[in-house]
Every structure is written in C-alpha cells, then in structure tokens.
A.B. asks: 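For reference, the structure I am asking about is given below.
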2 protein chains.
Amino acid sequence: MQRLIDHFQQYLPLNDEEKELIITRARPRKIRRRQMILQEGFVCKHYSFVLEGCFRMFAVDQKGVEHNVEFVAENGWISDIGSFHAQKPSQLFIEAIEASEIIQIEQQDLYHLYINIPKLDRIFKVIIENKFIELQNRMLQNISATAQQRYLHFLAQYQHLATRLPNTQIASYLGITPEFLSKIRKDLSDH
Amino acid sequence: MQRLIDHFQQYLPLNDEEKELIITRARPRKIRRRQMILQEGFVCKHYSFVLEGCFRMFAVDQKGVEHNVEFVAENGWISDIGSFHAQKPSQLFIEAIEASEIIQIEQQDLYHLYINIPKLDRIFKVIIENKFIELQNRMLQNISATAQQRYLHFLAQYQHLATRLPNTQIASYLGITPEFLSKIRKDLSDH
DNA sequence: AAATAGCCTTAATATATCTTAAGGGTAAAT
DNA sequence: ATTTACCCTTAAGATATATTAAGGCTATTT
C-alpha cells in the first residue's frame, strides 16, 4: 500500500491523515494470468493501480477479433474511464497478461477521496494529462507512419513491455495482423 | 468572457471572487482564418478556449505532409499540453480553419488559477478525461476499422464539424489521402 | 510420453490504400 | 474580369497490408 502512497507523493506531498484516508479506501488484490478484471457489458467498478504485472485493455469486433487499446504495467493506472464515471456498461475487456498485483479503488471511494483530499484532483489531472499526451503521440504515429515505423517506435518507447509481450499482442496494439508483423520483423533482420 | 465562466460552471459553480480572478487572468483574442496560434519549434504558451470558429492541430512529417491530430470548435479547449507544461518546443502547429474568437490563458496564469481555485483542478481533470475518452475511441477505430468505417463514424460523431471542413482536412485526420477519401465517397454514393 | 494449444513463421493470393497525373470547379486575390 | 490558388474527382499503376493455409516450435496439459 505504501507503493500507492509513494506514487501519489511523486506528484504532491500528503499528510498522515490523507495517507490514512487513502489506505482505508484502496484494496490490494492478486490477479492470475489471463484473469479478467473487466468484461464487456459490465460497468467498470474500479480504478486499478498496477504494483506488479501487466494488463491489456481490448475490444472485440464483430468478427470476434481482439484489438488492444492499451497496455499498462508497473506504476500505471488502468480503467475504462468512460464506463467508470458514467456507470454505464463497458465495451472493453481488461485482462492480466501476467500474474499481477494491483490496488483498486471503487468509484464511490474515489469520489469520497476527491472530496476530502482536493490534491487528488490535481494529481489525477496530471496523471491523465500524461496519458493523453502519450495517446496523442500514438495517434499521430497511426495516421502518419507505416506499420514498420510504428513497430520500431513501439520497441524504442516501450522496451520494458516489448520483451514481456507476445508478438501477437503487439501486432494487435499496432493495428496489424501477426503475420504482417512477422514479415516486418523479417525485413528488419535482413537489414 | 461570460462564455468561459458559463463553461466552467457547467462543471462546478463559482463564486464572484473566483469569477473575478478568472477574468483577470484570461484574454480574449480574435484570430483570422489560416492564422497560426502555435508553430513547430515554439513553446505552447496558452490554453485556448474556442468561443467561435474552428482550429486544427497538425504535425508535418519528413516529406512535408501535414497530419491533423485534432479539430476543436466552439466550447472546446486546444493546446499542446506536453509543450505547455514542460515549456519545451512543440512539434505541432495550431491553425484557425475559420475566422475565430478565443479566450487564452497563459501558463503562469493558469497555474495561479489552479492554486487559488482548487475547483479548477477538478474541472480540468474532467475536461481532459473527456478528451481522453474521445481520443481512445478514435484510437480503437484506427486500429480496428477500415477507412470507410472511420469516415462514416466521423460523419456520425462530428456532423457539426464535417460540414465546415474541407474533405482534404478530414482525410488528413482519418489518416488517408484526399484521393482515397474521394473514392470512399464515390463508393458510398453508388450505394 | 503423447497430446493439445498457443505462438511464430513463410508464402501465395487478395484487398486496401497510396502515388502520380490530369482535368474541372469554385473561391480568393489581383 | 482575370488570374491564382485551392479543392474535388477520376483512373491507372504501385505498394502496404490482410487473408488463407500450412508447418514447426514450445510450453502446458493429459
């Protein structure tokens, strides 16, 4: 739990009372590999902070094909924010790619924390701003770069993830088929 | 200026003192068509709230081709958030597509407002959460849908924009060439 | 140890999208 | 009123990426 407090304090210091309140509203949880913490059709109940392990958020299209929207590993937050705030059924899945440990905060608890610790508004504002910047960069890549360039960019920016993920998951994140990623990798290795 | 206050009050009520402070720190400005309010290589100095008109944020690739990252029209915010907060040179341009009126807040002013009106942390947290959700949906479309599906989705979600934008700008936003968009439109009109 | 399932690769063929080139239409600039 | 610049379209040929099918390799599972 200290890890979560430390995480928040990277943004702003907290006093003991604030730390205590956060601790009462957050719950640690172990997740097995392949376990889902969100499924399509259900409301996203939590904001989840990843202590150990790795998750993917994905959608399934009409043909049943999965598309990875996001990966989140250590010290990152994952949630379907739209579903969480609107309390509407999600169209997304969140699945553990590895055995993981997380800390979860439920919606009412998070709202309670926001009211009693206004600093958290600031902290989460910055957290989401950073996620937005990252996503906007990825979007720019997607509309302007070839699949090979996107793959190289992914390797450079997310080395820590790239080595832990099967290529098939990376392909889904890049928006290409595993077969085509395989071709890209061959072309690269042939210099 | 009242428009900005009203905008904030859609999220949370403000008292007179808060309104007054915001007004002293925000500046209205008229922008001509094609005028740039941010250019590559410069630090993004402002958060800009659009009263009237329409802007695009775009990047220029090595070949000199422009890629539209985002459109923002009435009651939306536009800024290169990364450049703004880090005070680092931007890689993006922001240009008025129509003659426009905006209200701008400089970095130091916004930070001053955040400190003196903690509510604004909450308000901007929600604003950016909504932008994030929108962008994540677009990202999902981009990795999972064909150009035709993306175009139809764009028309459905942004009718108000679609009719005001030249197709060449829409094509750039969708990540396709104008020629291919033209073909898509023909295929659609042939049912 | 065998069987199963997931992952990675290869290659042939098909489809989506880009490039280049050209022409016509319309709005802004002179 | 003419010119210029921008925008939209069409089409042929090129390239990027998807689809299908097959085979091999590992790590589980039986």
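Note on naming: letters A, B, ... go to the chains in the order of the sequence lines (proteins, then strands), and numbering restarts at 1 for each one.
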A.B. asks: Among all residues two or more places apart in sequence or in another chain, which pass the salt bridge (charged side-chain N to carboxylate O under 4.0 Å, His left out) test with A:K45?
C.D. replies: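 Result, salt bridge (charged side-chain N to carboxylate O under 4.0 Å, His left out) vs A:K45: none returned.
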
A.B. asks: Tell me every residue that passes ring pair (Phe, Tyr, Trp, His ring centres under 6.0 Å) with B:F124, counting only those two or more places apart in sequence or in another chain.
C.D. replies: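 Partners of B:F124 under the ring pair (Phe, Tyr, Trp, His ring centres under 6.0 Å) test: B:F8, B:Y47, B:W77, B:Y114.
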
A.B. asks: If I take atom CG in residue B:L174 and atom P in nucleotide C:dA16, what distance separates them, rounded to the nearest angstrom?
C.D. replies: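 The distance from CG of B:L174 to P of C:dA16 comes to 17 Å, rounded to the nearest Å.
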
A.B. asks: Name all residues meeting the side-chain contact (heavy atoms from CB on, under 4.5 Å) criterion together with A:P166; count only those two or more places apart in sequence or in a different chain, and write none if there are none.
C.D. replies: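 A:P166 satisfies side-chain contact (heavy atoms from CB on, under 4.5 Å) with A:T168, A:Q169 once adjacent residues are dropped.
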
A.B. asks: Nucleotides 7-10 of chain C: which of its N/O atoms have a protein N/O under 3.5 Å away?
C.D. replies:
unit_1, atom_1, unit_2, atom_2, d
C:dC8, OP1, A:N167, N, 3.1
C:dC8, OP2, A:N167, N, 3.1
C:dC8, OP2, A:T168, N, 3.1
C:dT9, OP1, A:R185, NH2, 3.3
C:dT9, OP2, A:S182, OG, 3.1
C:dT9, OP2, A:R185, NE, 3.3
C:dT9, O5', A:S182, OG, 3.1

A.B. asks: Who else is in the cluster with B:F93 when I, L, V, M, F, W and Y are joined by side-chain contacts under 4.5 Å?
C.D. replies: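 Its cluster mates, by chain and number, are B:M36, B:F58, B:V60.
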
A.B. asks: As a test of understanding, state which of A:E74, A:E52, A:E101 forms a salt bridge (charged side-chain N to carboxylate O under 4.0 Å, His left out) with A:R3.
C.D. replies: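 By the salt bridge (charged side-chain N to carboxylate O under 4.0 Å, His left out) criterion, A:R3 pairs with just one of A:E74, A:E52, A:E101: A:E52.
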
A.B. asks: C:dA28 P sits how many Å from B:E98 CD, rounded?
C.D. replies: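 Those two atoms, CD and P, are 12 Å apart.
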
A.B. asks: Atom CD1 of B:I176 to atom P of D:dT9: distance rounded to whole Å?
C.D. replies: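 Going from B:I176 (CD1) to D:dT9 (P), I get 12 Å.
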
A.B. asks: What is the distance, rounded to the nearest whole Å, between atom CD1 of A:I184 and atom P of D:dT15?
C.D. replies: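 Distance check: A:I184 CD1 to D:dT15 P gives 17 Å.
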
A.B. asks: Please list, one pair per line, the donor and acceptor atoms closer than 3.5 Å that link side chains of residues 151-163 of chain A to other protein atoms, with sequence neighbours excluded.
C.D. replies:
unit_1, atom_1, unit_2, atom_2, d
A:Y151, OH, A:R185, NH1, 3.1
A:Y158, OH, A:E134, OE2, 2.5
A:T163, OG1, A:Q159, O, 3.4

A.B. asks: With sequence neighbours excluded, tell me which residues meet side-chain contact (heavy atoms from CB on, under 4.5 Å) with B:K88.
C.D. replies: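 If we apply the side-chain contact (heavy atoms from CB on, under 4.5 Å) test to B:K88, skipping adjacent residues, the hits are B:A86.
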
A.B. asks: Can you tell me the distance, in whole Å, between the CD1 atom of A:I170 and the C1' atom of C:dG6?
C.D. replies: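 Atom-to-atom, A:I170 to C:dG6, this comes out as 16 Å.
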
A.B. asks: Between the two end axes of the helix from C:dA1-D:dT30 to C:dT30-D:dA1, each built from 5 base pairs, what angle do you get to the nearest 10°?
C.D. replies: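 If I round to tens, the end axes sit 40° apart.
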
A.B. asks: Could you list who else is in B:F42's hydrophobic cluster, with ILVMFWY side chains joined at under 4.5 Å, directly or through other members?
C.D. replies: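 Once heavy-atom contacts under 4.5 Å are chained together, B:F42 still belongs with nothing else.
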
A.B. asks: Rounded to the nearest angstrom, tell me the gap between atom NZ in A:K63 and atom C1' in D:dA18.
C.D. replies: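 Distance, rounded to whole Å: 9 Å.
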
A.B. asks: With sequence neighbours left out, what residues match A:Q91 under side chain to side chain donor-acceptor pair (under 3.5 Å)?
C.D. replies: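 Applying side chain to side chain donor-acceptor pair (under 3.5 Å) to A:Q91 gives none.
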
A.B. asks: Starting from C1' on D:dT9, measure out to CG on B:L188 and report it in whole angstrom.
C.D. replies: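 B:L188 atom CG is separated from D:dT9 atom C1' by 15 Å.
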
A.B. asks: Output all residues satisfying side-chain contact (heavy atoms from CB on, under 4.5 Å) with A:Q87, sequence neighbours left out; order by chain, then residue number.
C.D. replies: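 Only A:V43, A:Q107 meet the side-chain contact (heavy atoms from CB on, under 4.5 Å) criterion with A:Q87.
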
A.B. asks: Hey, can you pull the residues of residues 147-163 of chain B with a non-hydrogen atom under 4.0 angstrom from DNA chain D?
C.D. replies: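 Nothing qualifies; none.
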
A.B. asks: Please check this pair: side chain of B:N116 against backbone of B:H112, looking for a donor-acceptor N/O pair closer than 3.5 Å.
C.D. replies: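 Answer holds: yes.
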
A.B. asks: Can you check the B:D190 CG to D:dT10 C1' distance for me, whole Å?
C.D. replies: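 Atom CG in B:D190 sits about 12 Å away from atom C1' in D:dT10.
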
A.B. asks: If the cut-off is 4.0 Å, is B:T177 near the phosphate of C:dT17, judged by side-chain N/O to OP1 or OP2?
C.D. replies: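 Answer no for this pair, as no side-chain N or O of B:T177 is under 4.0 Å from OP1 or OP2.
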
